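Everything below concerns the one structure shown next.
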Amino acid sequence: MMVPAALLLLGALASVVAPRLLARADWPDREPVVALWVWQCVVAAVLLCCALSMTLSASAAWVAVRGHVFGGAPASVVDAYAPGAGGPWAAATAVTLACGGAWTAAMLVREIVRARARRRQNRSELLVRAPMLPGEEGAAGRLVVLEGERPDAWWLPGAAPQLVITTSALRRLKGRQLDAVLAHEQGHARARHDWLLHCSAALANGFPQVPVFAAFRDEMHRLVELAADDVASRRFGRLTIALALVELNEDRGVFGPGPAVPGAHVPQRVDRLLTPRDRLTAARRLQLTAAAALVPVVPVLVAFVPGLRALG
């Protein structure tokens with residue numbers, strides 16, 4: 001039971017330390033794409049710790065599972081994991097972690113089902129408000145203009161993704177600001193940010209008492225917007241997308257004092273665009289990307305250490 005316990009301890013340590021380190025770092029706002037990758041690697045490492053601990057605990061508790069896990073392995077390798085030494089604790093740990101895995105899968109399925117239902121409802125409402133003309137086809141990337149007093153623009157994902165914008169937004173956005181907004185939404189679509197949001201929401205909703213999953217969800221919502229802002233600013237300039245954000249959000253109460261409202265992070269996004277900081281060097285970005293990719297490897301190494309020692 002030493003290796004399963006070490007994996008659980010490693011997962012708990014990663015879930016506590018990594019979010020604090022990322023919160024204190026100043027580079028995620030400068031490199032949101034790299035930060036997205038780092039967060040995914042950290043969460044993957046935590047989940048992998050739980051999965052490996054469950055597998056080894058089950059092999060220690062039940063001979064049938066052990067035969068599948070260590071099938072064909074030398075006896076010295078099997079003995080290195082001390083099968084049967086955990087007793088009832090091994091079975092309890094395996095069952096608990098298996099229930100957690102099943103609950104995670106159920107939450108992910110529920111999130112996907114709800115997202116698809118919302119998408120179908122939104123498309124139905126869209127067809128009512130903006131029906132297609134005779135002979136018109138619902139091609140991917142179709143721009144839909146809705147009559148509306150509230151300036152807004154959003155991307156509707158799916159098999160035939162559509163960009164929706166209101167007439168109020170068209171009246172407010174000037175010059176290249178509209179192109180910048182379109183590029184921002186297309187940045188979300190190309191990077192498939194909706195899948196990141198669904199996965200992070202499933203984990204946070206399924207395990208509300210686990211801080212790392214709540215932080216993962218919050219950071220995904222923030223970082224995907226920063227990444228899309230960067231996509232638009234590289235094509236049309238930081239000032240253009242900053243002014244577009246102001247035009248779309250100035251009537252929503254996000255720029256004045258008061259209680260938190262949806263879109264409260266917009267002022268920080270505008271400040272970031274107007275007072276840009278230097279990006280990290282390419283070498284530094286590569287170092288962070290490689291280091292993050294190694295994080296999920298650590299639980300695998302911990303799980304294999306006893307077997308490798310036995311073979312050595």
Side-chain angles (χ1 to χ4, degrees), residues 29-33 36 115 118-119 121-133 135-197 220-256 261-277 279:
D29 284 1
R30 299 157 63 187
E31 298 293 344
V33 174
L36 286 169
R118 288 193 301 267
R119 194 178 303 162
Q121 181 180 0
N122 291 337
R123 288 189 182 278
S124 299
E125 295 175 353
L126 195 61
L127 286 175
V128 172
R129 298 180 61 186
M132 288 189 291
L133 299 175
E136 185 179 7
E137 297 181 358
R142 174 173 173 257
L143 176 63
V144 181
V145 179
L146 292 182
E147 187 72 30
E149 295 300 323
R150 181 178 181 178
D152 205 354
W154 66 94
W155 187 267
L156 189 60
Q162 296 174 320
L163 179 62
V164 185
I165 191 167
T166 63
T167 53
S168 179
L170 290 177
R171 287 192 296 267
R172 287 202 174 200
L173 298 175
K174 306 172 183 65
R176 288 157 56 92
Q177 293 175 10
L178 176 59
D179 294 330
V181 170
L182 300 182
H184 174 99
E185 298 300 334
Q186 288 169 353
H188 284 312
R190 291 195 185 100
R192 299 309 301 268
H193 287 160
D194 54 318
W195 282 103
L196 278 179
L197 299 180
M220 289 303 98
H221 280 276
R222 189 179 71 89
L223 291 171
V224 297
E225 294 299 337
L226 300 187
D229 287 344
D230 288 347
V231 170
S233 66
R234 281 194 288 270
R235 292 182 59 188
F236 301 101
R238 290 180 173 270
L239 180 60
T240 302
I241 186 63
L243 292 174
L245 286 173
V246 173
E247 292 291 344
L248 291 176
N249 294 278
E250 65 178 347
D251 293 337
R252 302 185 185 184
V254 299
F255 292 103
V261 296
H265 58 284
V266 172
Q268 288 75 29
R269 291 168 57 193
V270 173
D271 290 340
R272 173 180 176 270
L273 290 166
L274 295 180
T275 56
R277 301 178 61 185
R279 295 189 63 188

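Position 1 is the first residue of the sequence; numbering continues from there. No experiment lies behind these values; they were computed from the predicted model shown.
- The environment of Trp195 atom CH2 is sparse: at most 12 non-hydrogen atoms of other residues, nucleotides or ligands sit within 6.0 angstrom.
- The side-chain heavy atoms of Ser233 and Arg272, taken from C-beta on, include no pair separated by under 4.5 Å.
- By the 4.5 Å heavy-atom criterion applied to side chains, Trp154 and Thr166 are counted as neighbours.
- Between Asn249 and Val270, every side-chain heavy-atom pair lies at or beyond the 4.5 Å cut-off.
- Taking both residues in full, the closest heavy atoms of Pro151 and Glu247 are given as CG-O, 4.1 Å, listed atom of the first, atom of the second, then distance.
- Annotation: side chain of Leu273 is in contact with side chain of Leu245 (closest heavy-atom distance under 4.5 Å).
- No side-chain donor-acceptor contact under 3.5 Å links Arg222 to the backbone of His265.
- More than 12 heavy-atom neighbours from other residues, nucleotides or ligands sit within 6.0 angstrom of CZ on Arg30.
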Steps toward salt bridge (Lys or Arg N to Asp or Glu O under 4.0 Å) verdict (Arg269, Asp271): CA-CA 5 Å; Arg269 291 168 57 193; Asp271 290 340; over 6 Å; no

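- The closest side-chain heavy-atom distance from Leu173 to Asp179 is not below 4.5 Å.
- Gln177 and Arg172 share no donor-acceptor pair across their side chains, judged by distance under 3.5 Å alone.
- Atoms CZ and OG1, on Arg150 and Thr167 in that order, are 13.5 Å from each other to the nearest 0.5 Å.
- When all heavy atoms are compared, the tightest approach of Val224 to His188 is O-CE1, 3.2 Å.
- Taking CG of Asp194 as the reference point, atom CZ of Arg119 lies at 6.0 Å (rounded to 0.5 Å).
- Contact check for Leu274 versus Arg238: no side-chain heavy atoms found under the 4.5 Å cut-off.
- Looking at every heavy atom in both residues, Ala227 comes nearest to Val33 through CB-CG2, 4.1 Å.
- The minimum heavy-atom distance linking Gly148 with Ser168 is given by the pair O-CB, 3.1 Å.
- Interatomic distance, Leu143 CG to Ile165 CD1, rounded to the nearest 0.5 Å: 6.5 Å.
- Trp155 and Gln186 make their closest contact through CZ3-CG, 3.9 Å (heavy atoms, listed as atom of the first residue, atom of the second, distance).
- Note: Ile241 CD1 to Asp229 CG = 5.5 Å, rounded to the nearest 0.5 Å.
- In this structure, CZ on Arg234 lies 5.5 Å from CG on Asp230, to the nearest 0.5 angstrom.
- Here Asp29 contributes atom CG and Arg277 contributes atom CZ; the two are 8.0 Å apart, rounded to the nearest 0.5 Å.
- Summarising the geometry of Phe236 relative to Ala180, their closest heavy-atom pair is CD1-CA, 3.7 Å, with the distance given to 0.1 Å.
- Checked by atom type, the side-chain pair His184/Glu225 shows a donor-acceptor distance below 3.5 Å.
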